[in-house]
Amino acid sequence: MKKHQKITLALASATCSLMGALPNAHADISADYADWDVNAALLIYNESDRVTAVEPVISAKKQIDTDESIALKLVYDSLTGASANGAVPTNIAQTFTRPSGNGSYTTTANETSLDDTFHDTRVAISASWEMPLSRMDKLVLGGNISNEYDYTSIGVSSLFSRDINQRNTTLSAGLSFASDSISPIGGIPDPFSEMLPAGDANYSTTRLDSSESKTTVDILFGITQVIDKHSLLQFNYSYSQVDGYLTDPFKVISVVDAITGIPIDQVTGVAIVSGTTLSQVVYENRPDSRTKHSLFTQYKRNFSGDVFDISYRYMFDDWDINSHTVDFKYRLKTSDTTFWKPHIRFYQQSEAEFYTPFYLSGSQPTAGTNTTFATADYRLGEMTTTTIGIEYGHVYENHSWSLAAEYYLQTSTEPSNKVGELNNQELSPDVDAFMLRFNYDF
Amino acid sequence: MRRICIVITVLSLSACSQWGVKPWERSVLAKSEMALDSAPLTSALDDHIYFSKEASSGGRGFGGGGCGCN
């Protein structure tokens, strides 16, 4: 009876897998109702002079019936290092106030202004329940909670799928909802208010509430098609609506002299002459809604044991950002138990319509203006990124492991309206990162 | 660009009726490495990095949120 159950389960699992109906579906011929199928991974992400992240993750899936399973996942994310605050670099050292208002930090001349105060850990727990609704229909319900020192997110999701065309075609539709809240150190800055010196008695006048929130609704439609004995194709359309506080409370925009391009001294109102006084910067402000559309397609083909895997995504939104992403992997089978998998990814995005790398003195909006939008966050500027990596893995009957190393490079486009000293500076220099990832499947 | 994507999608969908295999022809497709997302943990880690560093997210699945992401 036990053996019969195993065979039934293996066949059912294999069928679901080749349908590609669900992102997490995969065949596991050793699965057993009584066992948890456990996967673990450790990611180390390191940017030169900036962020370092260490992220262990463990997931466990239990088959509770032929087509029914539950899965749990735990993620721990530790972040240290420095993050660009949005201010322009110049040929003089610059001083900025920490988000708490109780201290300051000084950045080096001719270097990107990095805020070195953040240190955060994130814990995320998610659970999902996959169940059959009928012989051809399936539903996956999910929930997740994520918590950081200043950020909390709670989300639920559902994904329905139906097999048609002799199980050669799978149609899917999904809906997810997330509610996030942020309580940044020092509170929510008033848009376009000036950063004040550390310990300034009026610091609280630049702050609004202590916390803000946002909601995200995602809708997903997909179709997966078996082409032939060796290949699969998938198309997805997804719609995302985000409402609420989308501003980054830690990001600022420099105010520079209109002729010399040197940042203005917050106290004297003229160009800074040394790094000992505060540079004039104003807090950014983003729209309180964003609508995104994504078209995604993936093609996968088996060549005599090797697997060719390519995907493309086109994204556009009402912030005037559009992006193209091409992701390519090739799993080269070197023996029955080993493989190499090179990976290349190209990404290119246009800038948000309100991307403002700096203000010429006098052109910045007055404090409290919430009808004007601006950010100097380079992540909303025009840029291209490239990822190149290689993975090596061993696959055994009862366990498998793999080790991957990747290099990630971000290259931003410099603004065309630079003046004076800004012409000698790189406002958004290349950012590169190394990633090391270890996966172990029990 | 949007029109091109729509045309490609429609043409591809119309081709779906010509595609497919019989149940006994699925041995290669049933291999775990042929699942569309054959390494979900890796995909989730990658998505988290790119969500933090770029202005786009989602596509394969839900875009979601879930972190402050400096």
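To find a chain, count down the sequence lines: A is the first, B the second, and so on, and within it residues start at 1. These numbers come from a predicted model, not from an experiment.
- With a 4.5 angstrom heavy-atom cutoff, A:Y237 does not touch chain B via any of its atoms.
- You'll find the side chain of B:Y50 reaches within 4.5 Å of the side chain of A:T387, heavy atoms only.
- The shortest heavy-atom contact between B:G20 and A:Q225 is N-NE2, 4.1 Å.
- Heavy atoms of A:I227 lying under 4.5 Å from chain B belong to its backbone as well as its side chain.
- Here the straight-line distance linking atom CD1 of B:I49 with atom CZ of A:R437 works out to 8.5 Å at 0.5 Å rounding.
- When heavy atoms are compared at a cutoff of 4.5 Å, A:S231 approaches chain B solely by way of its backbone atoms N, CA, C and O.
- For chain B, no part of A:A53 is nearby; none of its heavy atoms comes within less than 4.5 Å.
- The shortest side-chain heavy-atom distance between A:S59 and B:L41 falls under the 4.5 Å cut-off.
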inquiry  = Would B:W19 and A:L233 count as a side-chain contact (heavy atoms from CB on, under 4.5 Å) here? Give the steps.
reply    = CA-CA 10 Å; B:W19 294 338; A:L233 186 63; 3.8 Å; yes
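- The neighbour count for A:F303 CZ, taken as heavy atoms of other residues, nucleotides or ligands under 6.0 Å away, is above 12.
- With values rounded to the nearest 0.5 angstrom, A:Q234 atom CD is found 9.0 Å from B:D37 atom CG.
- Neither the backbone nor the side chain of A:A124 comes within contact range of chain B; no heavy atoms are under 4.5 Å apart.
- A:F177 does not touch chain B: none of its heavy atoms, backbone or side chain, sits under 4.5 Å away.
- Annotation for B:R26 and A:Q166: closest pair NH2-O, 3.0 Å, computed over non-hydrogen atoms.
- Looking at every heavy atom in both residues, B:V21 comes nearest to A:N168 through N-OD1, 2.9 Å.
- At distances below 3.5 Å, at least one donor-acceptor pair connects side-chain atoms of A:Q349 with backbone N or O atoms of B:A55.
- Residue contact with chain B, scored on non-hydrogen atoms closer than 4.5 Å, involves the side chain of A:Y347 exclusively.
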task = Please assess B:E54 against A:R345 for the test salt bridge (Lys or Arg N to Asp or Glu O under 4.0 Å), listing each intermediate value before the final yes or no.
result = CA-CA 13 Å; B:E54 299 168 354; A:R345 178 182 185 272; 3.1 Å; yes
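- Each of A:R50, A:K300, A:M315 has some count of heavy-atom pairs under 4.5 Å with chain B, and the biggest count is that of A:K300.
- Scanning both residues, B:G59 and A:R313, for their nearest heavy atoms gives CA-CD, 4.2 Å.
- Heavy atoms closer than 4.5 Å to chain B are found nowhere in A:I145, neither backbone nor side chain.
- Using modelled atom types and a 3.5 Å distance limit, the side chains of B:S27 and A:K229 yield no donor-acceptor pair.
- The minimum heavy-atom distance between B:S57 and A:S294, with the atom names listed, is O-OG, 4.0 Å.
- One finds a salt bridge joining A:E47 and B:K53 here, because a Lys/Arg side-chain nitrogen approaches an Asp/Glu carboxylate oxygen to under 4.0 Å.
- Among the candidates A:Y45, A:W319, A:Y408, the residue making the largest number of heavy-atom pairs closer than 4.5 Å to chain B is A:Y408.
- Closest approach of B:L29 and A:D228 over heavy atoms only: CD1-O, 3.4 Å.
- For the options A:G381, A:G174, A:G155, heavy-atom pairs under 4.5 Å to chain B are most numerous at A:G174.
- Side-chain contact check for B:H48 versus A:D77: some heavy-atom pair is nearer than 4.5 Å.
- B:V28 meets the side chain to side chain contact (heavy atoms under 4.5 Å, CB included) test with A:H230, A:N302; sequence neighbours excluded.
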task = Please report the C-alpha distance between B:L36 and A:D309 in whole Å, then the side-chain angles of each, then the deciding distance to 0.1 Å, and finally whether the side-chain contact (heavy atoms from CB on, under 4.5 Å) criterion is met.
result = CA-CA 9 Å; B:L36 284 168; A:D309 182 351; over 6 Å; no
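- Judged as a salt bridge (Lys or Arg N to Asp or Glu O under 4.0 Å), and not counting sequence neighbours, the contacts of A:D377 are A:R286, A:R379.
- Here the CD atom belonging to A:E406 is positioned 6.0 Å from the CG atom belonging to B:D46, to the nearest 0.5 angstrom.
- Contacts of A:E55 with chain B are made by both backbone and side-chain atoms, with heavy-atom separations under 4.5 Å.
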